[in-house]
Amino acid sequence: MKTVDVLTITAMAEQHFARLLARENVPGTQIRVSVVSPGTTGAEVVINFCPPGENEVSDGVQMRGSVYFFIEASAIPYLKDATIDFTTDKTGNGELIIKAPHLKKSNHPARDMSHLAHSDQITYLIETEINPGLAAHGGRVALVEFIEEDGTAVLAFSGGCQGCGMANVTLKQGIEKTLTAQLPFVLAVKDVTDHKSGENPYY
């Protein structure tokens with residue numbers, strides 16, 4: 001774990017998190033910061049409690065006051081120049097304000113995957129941009145194989161997407177468009193899921 005300095009965390013924000021951690025009353029619990037779908041219009045910063053031992057070895061760590069912020073390694077480039085603040089209005093209601101200017105930039109250097117094999121590039125996009133959205137429906141998709149000869153990504157759904165009546169729409173309108181737009185070597189996608197055996201389809 002390495003020390004990083006990517007976030008600007010205001011004193012108000014640090015005090016807010018310190019209060020939340022005190023209420024948790026679990027010694028050693030800190031805060032973990034990650035990102036969902038970085039480099040896309042749907043990108044979000046996610047902040048969660050991080051009990052002892054649940055941070056990743058690869059996480060960066062930044063200390064502010066009495067609070068340790070574990071930062072997901074893959075999120076660090078997207079959180080450069082980011083600010084976390086906490087404000088209260090006249091009625092005493094509080095709001096956490098996060099500004100991350102690089103979060104939705106698709107041309108960010110962290111997205112240069114040219115050194116990776118084609119299958120690894122596809123898997124990366126699936127995990128960072130596609131599965132976070134499918135997770136809202138209890139589902140996910142995985143790459144089975146990439147056929148270099150014709151540029152076909154062979155995929156399999158699971159969870160709420162297995163047996164879902166909207167799986168083909170998701171495949172063509174969402175997944176295929178995302179992959180072909182961002183990875184020129186992907187020309188088509190193919191679903192090989194056994195949808196008949198799906199136990200808990202979303203639709």
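What you are looking at is a predicted structure, and each value in this text was computed from that prediction instead of being measured.
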Do [X] and [Y] make a side-chain contact, defined as non-hydrogen atoms from C-beta onward lying under 4.5 Å apart?
X: Glu54; Y: Phe49; value: no
X: Phe69; Y: Ile47; value: no
X: Ile122; Y: Leu183; value: yes
X: Arg32; Y: Glu56; value: yes
X: Leu179; Y: Ile130; value: yes
X: Ser119; Y: Leu143; value: yes
X: Thr29; Y: Pro52; value: yes
X: Ile126; Y: Leu155; value: yes

Any link between [X] and [Y] through a network of hydrophobic side chains (Ile, Leu, Val, Met, Phe, Trp, Tyr) touching at under 4.5 Å?
X: Val46; Y: Phe17; value: no
X: Val36; Y: Ile175; value: no
X: Leu96; Y: Leu7; value: yes
X: Val45; Y: Met12; value: yes
X: Ile147; Y: Val192; value: yes

Indicate the atoms forming the closest heavy-atom contact of [X] with [Y], along with that distance.
X: Asp81; Y: Pro101; result: O-CD, 3.6 Å
X: Val35; Y: Ala75; result: CG2-CB, 3.6 Å
X: Phe157; Y: Thr193; result: N-OG1, 2.6 Å
X: Gln162; Y: Asp194; result: NE2-O, 3.0 Å
X: Cys161; Y: Leu134; result: SG-CD2, 4.0 Å

> Quick one: do the Asp85 and Thr83 side chains pair a donor with an acceptor below 3.5 Å?
Replying inline: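 Checked: Asp85/Thr83 side chains show no N/O donor-acceptor pair below 3.5 Å.
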
Taking the side chain from [X] and the backbone from [Y], do they hold a donor-acceptor pair closer than 3.5 Å?
X: Asp5; Y: Gln62; result: no
X: Glu14; Y: Gly65; result: no
X: Ser34; Y: Glu72; result: no
X: Gln30; Y: Val67; result: no

**Message:** In terms of relative ring orientation, are Phe185 and His118 parallel, tilted or perpendicular, with 30° and 60° separating the classes?
**Reply:** parallel

Relative to the ring of Phe86, is the ring of His16 parallel (under 30°), tilted (30 to 60°) or perpendicular (over 60°)?
parallel

Salt-bridge criterion met for Arg140 and Glu127 (N-O under 4.0 Å) | yes

Lys99 atom NZ, neighbour heavy-atom count above 12 within 6.0 Å
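Counting other residues, nucleotides and ligands, NZ of Lys99 stays at 12 neighbours or fewer.
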
